[in-house]
Amino acid sequence: MARRRSPWPRPQIQASRDAAGVIRRRSPRLHPQTQVSEEGAGVIRRRSPRLHPHIQANVKVSGVIGRRRRRRRGTSPAATASLPDGDDVLWEIFLRLPPQPSSLPRASAVCKQWRRIVGDPKFHRQFHAHHRKPPLLGVFLRGGKEEGIVFNPILDPPDRIPPRRFSLELPSNGGDHDVLYCRHRPGSNCDDHDLLHCRHGLVLVKECVSGEVIVCDPITGKQRRVAVPPVFKWDHLWGVVLCAAGDQGHVHGSCHSSPFKVVLLSLFRQDRQSLACVYSSETGEWGDLILGEGPYYIQNSVAYATLVGNVLYWAFNGNCILEFDLDRQNLAATAGPPITPDFYYGDSQIIHAEDGAVGFAILAHSRFRMWQRNVNCQGVATWVPWKTIEMCNILGLSLTWEQMTWMGYDEDNDVIFLYVGHNVYSVQLKSMESKKIYEAYWISEIHPFTSFYTTGTSIDGGSNPAEMLHGTSDACLV
């Protein structure tokens, strides 16, 4: 008699027969994920919801189990982010190219797609906004008798721009004469043209014979002439040109189509008074004459204007400072930091200090000393010593070179220019890195020229056709 085993003592084992009648048993201990049962002729296999709670078995009439496929992570429409297309990726890459003159022309020479992207005016605006500060392309200075005002590039190839590319092409009124009699300024003599100032990609020149100042855009070649009010004293005249664009997000350095302002300053030594006036290209008129106190003594006529915030500063005679508030239209004379006698006749300059504060620097022999002006909550300003530097050590020269001359200041990049032994050096004030930029056999004040080297519209409101710099024609970079 065959013994039958009850399924109750061993609930872990269940049997089923296949077509051949062979009994196959699986232990749920070894295979807890599999359970076997019979239903009609079909075989049903289900996975344990404890081990696989995401899978449920649904038995259909035919005995076939329909399973829901597990959705892969990250494939949800809400979680899926569309990848940018090729132009968008290239756009973001090109925005991060260095703002040097050769960057975009090299990219545009690769293919038509790249040329189309870097030639887009919208891309130019975003490129300028990304970098904020325009690069220092070179300096403008007074050349020899035959040269007049010339551009001297200071970048290395392939970013070096030929001097002829930024020729101002000013007319010569004097023929072979070096000095002219000024019809508009009786009793004074001067050269054809004197360089007054450079800022925001524009150059300001005074023309003695015509009694005008000329605003030049070296990149577009456009010029705007403005007659100087007769009240200004021509032999003691300083001028500033600056962009007047108030658009949100506007970046200075590509202001070819933007309105501009010209600020003129004149000093009257006898009355110890100063006179200022502002010209606006939007109205085409000069504003009101503004009188203020002036320095009692002018050692020399070289004074470089510095714009800090919305105030222009000139440093004269050691620690005498003239400041002109563009918003309040106010002209005032203030005192700089107390200086010792050995620095009194040095070359002084207003510079940018830390956290947007006003700085004062003076160079005497080879020593360079800086102060920072702090203003408390009551509006009281005090000068605090900042740094004292031996410039011979910075330039790598021996201490025998004690005579140095201040040549200019680039406030956009915080760089000063020094003349030492027939050479002009640049010194970055934050890093104190120095570089010999060119040789010079005479001392001439220089004006740094900073700008994004891209095409655009001109200062007279006209528009030039879109041009790309491909390293051809007169835009060729050498």
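Note that the structure is a prediction, hence the values are computed from the model and not measured. Residue indices begin at 1 and follow the sequence shown.
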Asker: Please name all residues satisfying ring-ring contact (aromatic ring centres under 6.0 Å, His included) with F368, sequence neighbours left out, ordered by chain then number.
Answerer: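 Residues passing ring-ring contact (aromatic ring centres under 6.0 Å, His included) with F368: W406.
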
Asker: Of all heavy-atom pairs between P134 and D412, which one has the smallest distance, and what is that distance?
Answerer: CG-OD2, 4.3 Å

Asker: Within this structure, what is the CD1-CD1 distance for the pair I154 and I161, rounded to the nearest 0.5 Å?
Answerer: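 Interatomic distance, I154 CD1 to I161 CD1, rounded to 0.5 Å: 10.5 Å.
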
Asker: Heavy atoms, side chains only, cut-off 4.5 Å: are F232 and L289 in contact?
Answerer: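 A side-chain contact exists here, since the closest heavy-atom pair is under 4.5 Å.
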
Asker: Relative to the ring of F166, is the ring of F140 parallel (under 30°), tilted (30 to 60°) or perpendicular (over 60°)?
Answerer: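 Because their plane-to-plane angle is under 30°, the rings of F140 and F166 count as parallel.
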
Asker: Is a side-chain donor or acceptor of Y304 paired with a backbone partner of M407 at a separation under 3.5 angstrom?
Answerer: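 Between the backbone of M407 and the side chain of Y304 there is a qualifying donor-acceptor contact (under 3.5 Å).
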
Asker: To the nearest 0.5 Å, what is the distance between CD (Q349) and CZ (F360)?
Answerer: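 One gets 9.0 Å once the value is rounded to the nearest 0.5 Å.
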
Asker: What closest approach, in Å, do L418 and M404 show between heavy atoms, and which atom pair accounts for it?
Answerer: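 It is CD1-SD, 4.3 Å.
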
Asker: Suppose we screen for salt bridge (charged side-chain N to carboxylate O under 4.0 Å, His left out). Which residues come up paired with K122, at least two apart in sequence or across chains?
Answerer: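 K122 satisfies salt bridge (charged side-chain N to carboxylate O under 4.0 Å, His left out) with no other residue.
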
Asker: Just by distance, with hydrogens left out, do D87 and Q113 show a side-chain donor and acceptor under 3.5 Å apart?
Answerer: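 The answer is yes; a qualifying pair exists.
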
Asker: Mark yes when over 12 heavy atoms from residues, nucleotides or ligands other than D288 sit less than 6.0 Å from its CG; otherwise mark no.
Answerer: no

Asker: Can any side-chain N or O of T306 pair as donor or acceptor with the backbone N or O of I350 at less than 3.5 Å?
Answerer: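 Between the backbone of I350 and the side chain of T306 there is a qualifying donor-acceptor contact (under 3.5 Å).
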
Asker: Regarding E285 and S280, do their side chains bring together a donor and an acceptor under 3.5 Å, going by distance alone?
Answerer: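 The criterion, which ignores hydrogens and geometry beyond distance, is not satisfied for S280 and E285.
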
Asker: Indicate whether any N or O donor in one side chain lies under 3.5 Å from an N or O acceptor in the other, for D414 and Y409.
Answerer: yes

Asker: Determine, stepwise, if the pair V262 / W286 fulfils side-chain contact (heavy atoms from CB on, under 4.5 Å).
Answerer: CA-CA 9 Å; V262 174; W286 290 95; 4.2 Å; yes

Asker: Is it true that a side-chain atom of H352 and a backbone atom of L307 form a donor plus acceptor pair closer than 3.5 Å?
Answerer: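 The answer is yes, because a donor-acceptor pair under 3.5 Å joins these two groups.
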
Asker: Distance check, rounded to the nearest 0.5 Å: L242 atom CG versus L312 atom CG?
Answerer: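 The CG atom of L312 is 6.5 Å from CG of L242, to the nearest 0.5 Å.
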
Asker: Does atom CD of E433 have more than 12 heavy-atom neighbours from other groups under 6.0 Å away?
Answerer: no

Asker: Using modelled atom types and a 3.5 Å cut-off, is there a donor and acceptor pairing between side-chain atoms of D355 and backbone atoms of A357?
Answerer: no

Asker: Between the side chain of E354 and the main-chain N/O of Q372, is any donor-acceptor distance below 3.5 Å?
Answerer: no

Asker: Can you check side-chain contact (heavy atoms from CB on, under 4.5 Å) on L195 and R142, steps first, answer last?
Answerer: CA-CA 7 Å; L195 185 60; R142 178 78 184 183; 5.9 Å; no

Asker: Can you classify the ring geometry of H422 versus Y419 as parallel (below 30°), tilted (30 to 60°) or perpendicular (above 60°)?
Answerer: perpendicular

Asker: Distance only, no hydrogens: is a donor on one side chain within 3.5 Å (strictly under) of an acceptor on the other, for T382 and N374?
Answerer: no

Asker: Check whether any side-chain heavy atom of V213 sits under 4.5 Å from a side-chain heavy atom of Y279, and report yes or no.
Answerer: no

Asker: Go through the steps to decide whether S451 and L137 satisfy the test side-chain contact (heavy atoms from CB on, under 4.5 Å), and finish with yes or no.
Answerer: CA-CA 7 Å; S451 178; L137 303 181; 4.3 Å; yes

Asker: Between S426 and V415, which heavy-atom pair has the shortest distance, and what is it?
Answerer: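 Scanning both residues, the minimum pair turns out to be CB-CG1, 3.8 Å.
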
Asker: With a 3.5 Å distance limit and no angle check, can you tell me whether W386 reaches the backbone of A361 through a side-chain donor-acceptor pair?
Answerer: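 No, W386 side chain to A361 backbone: no donor-acceptor pair under 3.5 Å.
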
Asker: Indicate yes or no for a side-chain donor-acceptor contact from R160 to the backbone of L155 under 3.5 Å, with no hydrogens or angles considered.
Answerer: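 Answer holds: yes.
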
Asker: Is the number of heavy atoms from other residues, nucleotides or ligands under 6.0 Å of D327 CG greater than 12?
Answerer: yes

Asker: Strictly distance-based, threshold 3.5 Å: is any side-chain N or O of S274 a donor or acceptor partner for the main-chain N or O of E293?
Answerer: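 Checked: pair present.
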
Asker: Between W114 (side chain) and R106 (backbone), is there a donor-acceptor pair under 3.5 Å?
Answerer: no

Asker: Where is the tightest heavy-atom contact between H197 and G239, given as atom of each residue plus distance?
Answerer: CB-O, 3.2 Å

Asker: For residues F417 and P448, report the shortest heavy-atom separation together with the two atoms involved.
Answerer: CE1-CG, 3.5 Å

Asker: Does the D159 side chain pair with the main chain of S102, one donor and one acceptor, at a distance under 3.5 Å?
Answerer: yes

Asker: Working to the nearest 0.5 angstrom, can you tell me the gap between I214 CD1 and R224 CZ?
Answerer: 13.0 Å

Asker: Does the ring center of W238 lie less than 6.0 Å from the ring center of F324?
Answerer: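 Centroid separation for W238 and F324: 6.0 Å or greater.
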
Asker: With side chains defined as the heavy atoms from C-beta onward, is the minimum distance between E390 and R367 less than 4.5 Å?
Answerer: yes

Asker: Taking all non-hydrogen atoms of both residues, which atom of S281 and which atom of P259 are closest, and how far apart?
Answerer: OG-CA, 3.4 Å

Asker: Measuring from atom CD1 of I362 to atom CE of M370, what distance do you get when rounded to the nearest 0.5 angstrom?
Answerer: 12.5 Å

Asker: Could you state the interatomic distance from CD1 (I351) to CD1 (I416), rounded to the nearest 0.5 Å?
Answerer: 8.0 Å

Asker: Would you check, one step at a time, whether the test side-chain contact (heavy atoms from CB on, under 4.5 Å) holds for I149 with V203?
Answerer: CA-CA 11 Å; I149 298 174; V203 180; 5.6 Å; no

Asker: Using a 6.0 Å cut-off, check whether atom CZ of R116 has over 12 heavy atoms from anything other than its own residue.
Answerer: yes

